[in-house]
Each structure stands twice: as structure tokens, then as C-alpha cells.
Amino acid sequence: MKMAVFRPIGIAIGILVLSSPVWLAAATTPKSKPAAVPANEIRITMPGSPSSGSLSWTIVVLLTLLTLIPSLLLCMTPFARLLIVFHFLRQALGLQTTPTNQTLIGLSLVLTFFLMQPVGTVILNEAVLPLQDGKITASDALERGAAPVRTFMLHYIREKDVALFIDLAKEQRPHNPEDLSMRIVVPAYILSELKSGFQIGAVLFLPFLVIDMVVASITTSVGMLQLPPVVISTPLKLLLFVMVDGWNLLIGSLMRSFT
């Protein structure tokens, strides 16, 4: 009976003894000093505007621009038209994964860079270099850089698409195309590029569609019902495309459509 009474007391004493070094160490350890707050603040100043903001705001602006780069590439360059045409070509040839999506996207990027290089040179000379030299502000550089891109898009835009977005935005019709805002030019340019890409793709489909129809009619007439016509028509379409040097003709026609 006595042992049952003293057992909890002994357990409590043992816990206190074992934990005493920990309490002593905590009591004898000096308190760590709080980290010193840096006296100086890192700031990044844009040329032409000495008090443009701190580092945090600069990072936010840069990250925002990086997230918008893919959208700008798709909406304000020939990339969309080129990629649509290449996908139509692959479907017309009866190929599912050859060339791969990565190959087509890479080819579209290279051709887009080839077409947009003169525009990029104008933006570099009129906006980027003066901004780096501190001759203009960031807003002026943005306005100067948008002008060559607007001029490029206006060459390939349809009046019907422009009129559509002017009516949707409820804006006054401008006297000159250069007076159009980017709010109108960019979506109208996207619609025009989509229409052009589908038109070229439909033209590409026609000769290969004729081959499919001829092969299907021949195999059906001779009773080759066990062999799908696609098995015969696909090599014939590839042979025709290679014999006429199809890639050279297609790329040349696409590049001349932007001149």
C-alpha cells in the first residue's frame, strides 16, 4: 500500500531530476540579440526617373512583364499564323506526331524572330538605347516601342475586324489608322491572323484531300476492304510533298505573305 502511494511521487522526482540540466542550460544561456535591421535600403532607379521606386516594386513589374511575354508573342507577332499553318499541314499529310509539337513551335519561333527582327531593331534604336542613356523616361520608351509594333500589325489587319472592335468599344472612328489604340489593334490583329492561317490551311488540305479520295475510290473499287485507304494514301502524300520540295515552297510562301 505504501509502495503504491510513493510510486507517483518517485516518478515526479525523477522527471524533475532528469530535466534539471535542461532548465539550467536554458537559464545560463545568454539571450540572443535580435537581428540588426539594415540601415540602408536597396533601391533600383530607372534611367530618366531618379525616384522610380524600390527593389520590391521593380521585381513586381519585371515578373508581370515576364508573365505577359507569351501572350504578347502570340497576339502581336506572326507566331499564331505560322503555327496554325504547320498544324494544318501535319493533319493534311495524315501524320499525328511527326513533326512533333516542339519542332513546330521551335520552327514558328525562329521564323517569327526572322520576321520581327527589323521591328526589334527599330524598338532598340528608338526606345531601349535612349532609355539606357537616360534621355527619355520609361513611359516615353513604352510609347516609342509600341509605335513600330502597331505599324507592323496595321499592315496585316482587316478593316472588318477593326470596325467590329470599334463598335464593341463604342469609340469614334479615327481619321487615320495610326490613331487607333492598342486596345483595338491587338484583338483585330489576332482575328485577322486566325483567318489568314485557316485560309492557308484550307488551301493546303485540297491537294492531299484529292489524293485521299482517289486512293479510297480505287481501293473500294478493287475490293481491298481489309486494307484502310490511309495506309496507302499517307506514303503517297509524303512522296508528293518531298518531290515538290514542300517545305521550301511553304516557308517561302509564308515569308512572302508578310512582305
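Only a predicted model underlies this, so the values are computations on that prediction, with no experimental measurement involved.
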- Task: Measure from the side-chain N and O atoms of Lys237 to the backbone N and O of Ile211, and report whether any donor-acceptor pair falls under 3.5 Å.
- Result: no

- Query: Between Trp247 and Leu111, is there a shared hydrophobic cluster once you connect ILVMFWY residues whose side-chain heavy atoms come closer than 4.5 Å?
  - Reply: yes

- Message: Between Met182 and Phe79, is there shared hydrophobic-cluster membership here, with clusters defined by ILVMFWY side-chain heavy atoms closer than 4.5 Å?
- Response: yes

- Query: Side chain of Ser192, backbone of Arg158: donor and acceptor closer than 3.5 Å?
  - Reply: yes

- Task: Measure the CG-CG distance between Leu129 and Leu124 for me, rounded to the nearest 0.5 Å.
- Result: 4.0 Å

- Would you call Leu154 and Tyr189 a side-chain contact if the rule is heavy atoms closer than 4.5 Å? no

- Message: If we check side-chain contact (heavy atoms from CB on, under 4.5 Å) with Val185, which of these qualifies: Ile190, Val162, Thr151, Leu180?
- Response: Leu180

- How far does CZ of Arg90 sit from CG of Leu204, to the nearest 0.5 angstrom? 14.0 Å

- Message: For Glu159, I'd like to know if atom CD has over 12 heavy atoms of other residues, nucleotides or ligands within 6.0 Å.
- Response: no

- Item | Heavy-atom side-chain proximity of Leu95 to Leu238 below 4.5 angstrom | yes

- Task: Mind checking side-chain contact (heavy atoms from CB on, under 4.5 Å) for Ile84 and listing every partner two or more places apart, or none if nothing turns up?
- Result: Phe88, Leu194, Phe198

- Query: Does Met116 share a hydrophobic cluster with Val110, counting links as ILVMFWY side-chain heavy atoms below 4.5 Å and allowing steps through other members?
  - Reply: no

- Task: Over all heavy atoms of both residues, which pair between Gly145 and Ala127 is shortest? Give the atoms and the distance, please.
- Result: N-CB, 3.9 Å

- Query: What about Leu240 and Leu236, same hydrophobic cluster or not, with Ile/Leu/Val/Met/Phe/Trp/Tyr joined at side-chain heavy-atom distances under 4.5 Å?
  - Reply: yes

- Side-chain H-bond candidate by donor/acceptor type, Thr100 with Thr97, under 3.5 Å: no

- Message: Using side-chain heavy atoms (C-beta onward) and a distance below 4.5 Å, is Met213 in contact with Leu209?
- Response: yes

- Message: I'd like to know if the side chain of Ser257 and the backbone of Leu254 have a donor-acceptor N/O pair within less than 3.5 Å.
- Response: yes

- Query: With sequence neighbours left out, what residues match Ser253 under side-chain contact (heavy atoms from CB on, under 4.5 Å)?
  - Reply: none

- Query: Do the side chains of Leu93 and Thr98 get nearer than 4.5 Å, heavy atoms only?
  - Reply: no

- Check: Pro99 main-chain N/O paired with Thr103 side-chain donor or acceptor under 3.5 Å: no

- Message: Please report the interatomic distance CD1(Ile157) to CD(Glu193), rounded to the nearest 0.5 Å.
- Response: 9.5 Å

- Should we count CD of Gln199 as having more than 12 external heavy atoms under 6.0 Å? yes

- Spacing of CE belonging to Met76 relative to OG1 belonging to Thr112, to within rounding of 0.5 Å: 13.5 Å

- Query: Salt-bridged, Lys195 to Asp161, with N to O below 4.0 Å?
  - Reply: no

- Message: Quick one, Phe152 and Pro78 - any side-chain contact, counting heavy atoms below 4.5 Å?
- Response: yes

- Are Leu82 and Met255 close enough that some pair of their side-chain heavy atoms sits under 4.5 Å apart? yes

- Out of curiosity, Leu239 CG to Thr234 OG1, how far, rounded to the nearest 0.5 Å? 12.5 Å

- Enter the distance from Ile251:CD1 to Leu107:CG here, rounded to the nearest 0.5 Å. 5.0 Å

- Salt-bridge test for Arg144 and Glu126: reply yes if a basic N is under 4.0 Å from a carboxylate O, no otherwise. no

- Message: Tell me whether Met153 shares a hydrophobic cluster with Leu168, the cluster being built from Ile, Leu, Val, Met, Phe, Trp, Tyr side chains joined at under 4.5 Å.
- Response: yes

- Would you check, one step at a time, whether the test side-chain contact (heavy atoms from CB on, under 4.5 Å) holds for Arg183 with Phe165? CA-CA 9 Å; Arg183 180 191 178 191; Phe165 284 100; over 6 Å; no

- Pair Phe258 and Tyr156, ring centroids less than 6.0 Å apart: yes

- Task: Run through the side-chain heavy atoms of Ile, Leu, Val, Met, Phe, Trp and Tyr, join any pair under 4.5 Å, and report what else lands in Val214's cluster.
- Result: Val210, Ile218

- Task: Identify the two heavy atoms, one from Val244 and one from Leu249, that lie closest to each other, and give their separation to 0.1 Å.
- Result: O-CD1, 3.2 Å

